[in-house]
Each structure stands twice: as structure tokens, then as C-alpha cells.
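FYI, the numbering just counts along the sequence from 1. The model shown is predicted, which means the values in this text are computed figures rather than measured ones.
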Amino acid sequence: MFRLLAMLAAVAPAVLSVLIPGESCGWFAYTPLSEALPEPGALPTVVWTLGEWSAELLPVALALLAVWLPRRFAVLGAALSAAVLVLGALTVVIPYPTPCGPQRGEWLLLLCYAAALTACLLDRADRRPHRPARRATAAAWTAALFIAVGHDLAATMPVSSAEDLGCYANLADTWALIQMHLFTAEAAGVWVGVAAVGAVLAPGPAALSAALVLLVPALYEPVAQLASSSAPSNCSGGLGLISWSYVAAAALGVVGSLSPRSHTAP
């Protein structure tokens with residue numbers, strides 16, 4: 001139970017970034033072009049870069065520990081959570097200059113990392129045996145996890161033209177709004193979190209549910225296109241709207257969820 005709580009706490013920042021939209025000061029409209037934009041120094045750049053990447057990778061690291069090194073989960077998970085907590089605290093102390101003013105880290109995120117650290121420590125105190133996952137289960141969920149990580153990285157890459165977006169449906173109204181939210185969730189690492197939670201829960205019906213959730217980003221656009229009276233797309237066919245890599249991730253998650261449990265003590 002504590003491992004699941006640690007994972008949920010590690011995933012919470014990604015979910016909160018989607019649910020709580022950021023604020024814009026509108027500097028594009030009100031800042032004179034002649035005014036020099038603030039440039040961050042070396043220290044804020046290093047601190048904030050390490051803080052952001054560590055927060056993104058914490059669920060991945062915890063998931064890999066859960067499926068490959070279950071005996072070390074509590075100790076290594078606590079150490080990683082503590083490192084992320086320290087880096088997050090530094091973003092509060094060291095502001096990052098932006099056109100909208102100095103940006104500081106959020107205390108709410110620090111509470112999430114502290115909760116993950118606490119859950120890992122409680123897991124170490126829990127004397128109940130943890131059965132390790134079979135190698136097939138671990139391999140399947142690891143592959144699904146890295147597919148989601150690949151999509152997360154691709155979604156955060158800068159886009160210079162419409163061609164960089166690839167194949168997509170030109171949706172409108174509510175369908176387009178949901179499409180935008182799903183893309184935001186992908187860039188924030190929500191689907192990485194879903195795969196990570198599934199890896200911690202595997203095998204079993206709860207992990208199977210997490211695997212099936214990965215079909216949402218895989219099938220949303222073709223379903224939305226059909227439901228919105230066949231909205232136009234830049235794809236060669238309807239099958240092009242399916243994110244086959246997410247389908248593969250979901251299939252791998254299903255395989256890992258249905259694998260028999262190991263009866264060997266950890």
C-alpha cells in the first residue's frame with residue numbers, strides 16, 4: 001500500500017499541473033520591444049533544470065525500483081524522493097527570472113515530494129513480505145513506461161511548423177478542447193504516471209485498469225473524429241489517427257497485468 005501511496009504522491013505534481021492552469025502576465029502585449037528580456041544566471045538555470053527533470057523522472061525511477069529491485073524500493077525510493085524534495089526546495093529559495101517577474105517553486109509540489117518520501121520510509125517499516133514481479137511482468141511494464149516517456153519528451157519539444165505535429169484531426173468545439181487537454185496531460189507526464197502506477201500495481205486487475213487507461217490517448221482522436229461528423233484531418237486515412245505506440249503500451253500493460261504472480265519471497 002505504501003508503495004502505491006509513494007507513487008501517487010510522485011505523480012501528483014503532473015496531475016496538478018494539468019488541473020491548476022498557470023497564470024500569464026501578458027508581457028507580449030505590454031512589454032516594449034526595446035526592453036531587454038531578463039536572462040537567468042547559471043545557478044537558477046541549473047537548479048530549475050535539475051528540479052524539473054528530477055520531478056519528471058521520479059515516478060519512472062520508483063516504478064523501475066518496484067518491478068526490478070523491490071527489496072531496495074524503500075531505501076532507494078526514499079533517497080530519490082529526498083533528492084527531489086531538496087531540489088524542489090531550492091527552486092523556492094532561488095527564483096528564476098522571467099518576463100513576468102521572478103518565478104519561484106510551489107510549496108504544494110514540495111508537499112507531494114515529502115509525502116512520497118514519507119511513504120517510502122513507511123514501506124521500509126512495513127514487515128509484510130513483498131512478492132517480486134516476474135521478469136515478464138517487469139519487462140512488459142518497463143516497455144510500456146518508456147513508450148509513455150518517449151511521448152512525454154516528444155510533446156515537450158519545440159514546434160516550428162504544423163508538420164512537426166504529425167497526423168492529427170482538425171476538431172472543433174468541445175472535442176478540440178478535450179484534445180488540447182489530452183496533449184497538455186501528455187506534455188505534463190500524466191500518461192507516464194499512469195504507466196508508473198500500473199507498474200507498481202502489477203500484476204492484477206488494478207494494473208489492468210491502468211493499462212486500459214493508456215488507450216485514451218491512443219484512440220481519442222479517431223473516436224472524436226467519428227463522433228464529430230468526420231472532422232477533417234491531415235492523415236492519409238482514419239487509422240493514421242490512432243496512436244499505435246500507445247496501443248502497444250496498453251497491450252504490454254495488459255500482458256504484464258495478466259501475468260501470474262511470483263511466489264518467491266523478495
Side-chain angles (χ1 to χ4, degrees), residues 3-4 6-19 52-69 73 77 80-81 84 109 112 116 133 135-159 164-168 178-224 240-259:
R3 298 187 178 193
L4 176 59
M7 179 58 69
L8 293 176
V11 172
V15 178
L16 290 174
S17 66
V18 176
L19 298 179
E52 291 174 357
W53 276 105
S54 63
E56 288 266 353
L57 295 178
L58 181 59
V60 179
L62 293 180
L64 294 178
L65 288 175
V67 296
W68 292 107
L69 296 173
F73 179 89
L80 292 172
S81 300
V84 176
L109 302 185
C112 295
R135 289 190 176 182
T137 300
W141 275 106
T142 299
L145 184 65
F146 278 101
I147 289 174
V149 169
H151 276 280
D152 180 18
L153 294 176
T156 57
M157 296 296 289
V159 177
D164 294 339
L165 296 176
C167 175
Y168 62 92
I178 297 175
Q179 182 186 39
M180 181 187 68
H181 287 319
L182 290 178
F183 181 81
T184 302
E186 182 177 70
V190 171
W191 307 122
V192 175
V194 171
V197 170
V200 171
L201 292 172
L208 178 62
S209 299
L212 295 178
V213 169
L214 292 175
L215 291 176
V216 174
L219 303 178
Y220 173 75
E221 288 203 19
V223 171
L241 290 173
I242 299 176
S243 180
W244 293 105
S245 54
Y246 272 125
V247 172
L252 288 166
V254 170
V255 171
S257 302
L258 298 180
S259 299

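Contacts classified as side chain to side chain donor-acceptor pair (under 3.5 Å) and involving residues 60-69 (residues at least two apart or in different chains) are given here: W68-T142. Under the side chain to side chain donor-acceptor pair (under 3.5 Å) criterion, no residue pair touches residues 193-207, with sequence neighbours excluded.
Taken from CG in L80 to CG in L65, the straight-line distance is 6.0 Å, to the nearest 0.5 Å. L19 CG to T184 OG1: the interatomic distance, rounded to the nearest 0.5 Å, is 11.5 Å. A distance of 12.5 Å separates CZ in F146 from CG in D152, rounded to the nearest 0.5 Å.
Remark: L182 pairs with I178, W191, V216, Y220 by the side chain to side chain contact (heavy atoms under 4.5 Å, CB included) rule, at least two apart or across chains. In terms of the side chain to side chain contact (heavy atoms under 4.5 Å, CB included) criterion, residue partners of V60 (sequence neighbours excluded) are, by chain and number, L64, L145, V149, V192. Partners of A187 under the side chain to side chain contact (heavy atoms under 4.5 Å, CB included) rule, at least two apart in sequence or in another chain, are A155, T156. Every residue two or more places apart in sequence or in another chain was checked for a side-chain hydrogen bond (donor to acceptor under 3.5 Å, both in side chains) with E56, and none qualifies. For the side chain to side chain contact (heavy atoms under 4.5 Å, CB included) test, residues two or more places apart in sequence or in another chain that qualify with V197 are L4, M7, L8, V11, L201. In terms of the side-chain hydrogen bond (donor to acceptor under 3.5 Å, both in side chains) criterion, S81 has no residue partners (sequence neighbours excluded).
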Compile the donor-acceptor pairs under 3.5 Å between side chains in residues 244-258 and protein atoms, sequence neighbours left out, one pair per line.
unit_1: W244; atom_1: NE1; unit_2: L239; atom_2: O; d: 3.3
unit_1: S245; atom_1: OG; unit_2: H151; atom_2: NE2; d: 2.4
unit_1: Y246; atom_1: OH; unit_2: E186; atom_2: OE2; d: 2.8
unit_1: S257; atom_1: OG; unit_2: A207; atom_2: O; d: 3.3
unit_1: S257; atom_1: OG; unit_2: L208; atom_2: N; d: 3.2
unit_1: S257; atom_1: OG; unit_2: G253; atom_2: O; d: 2.6

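Contact record, P59 with A10: CG-O, 3.6 Å, taken as the closest heavy-atom pair. Here the closest non-hydrogen pair linking V200 and A63 is CG2-CA, 4.4 Å. The two residues A9 and A116 have their closest heavy-atom pair at CB-N, 3.5 Å. Smallest separation of non-hydrogen atoms from F73 and A66: CD1-N, 3.8 Å. In this structure, V190 and A14 approach most closely via the heavy-atom pair CG2-O, 3.9 Å.
Side-chain contact check for V67 versus T137: every heavy-atom pair is 4.5 Å or farther apart.
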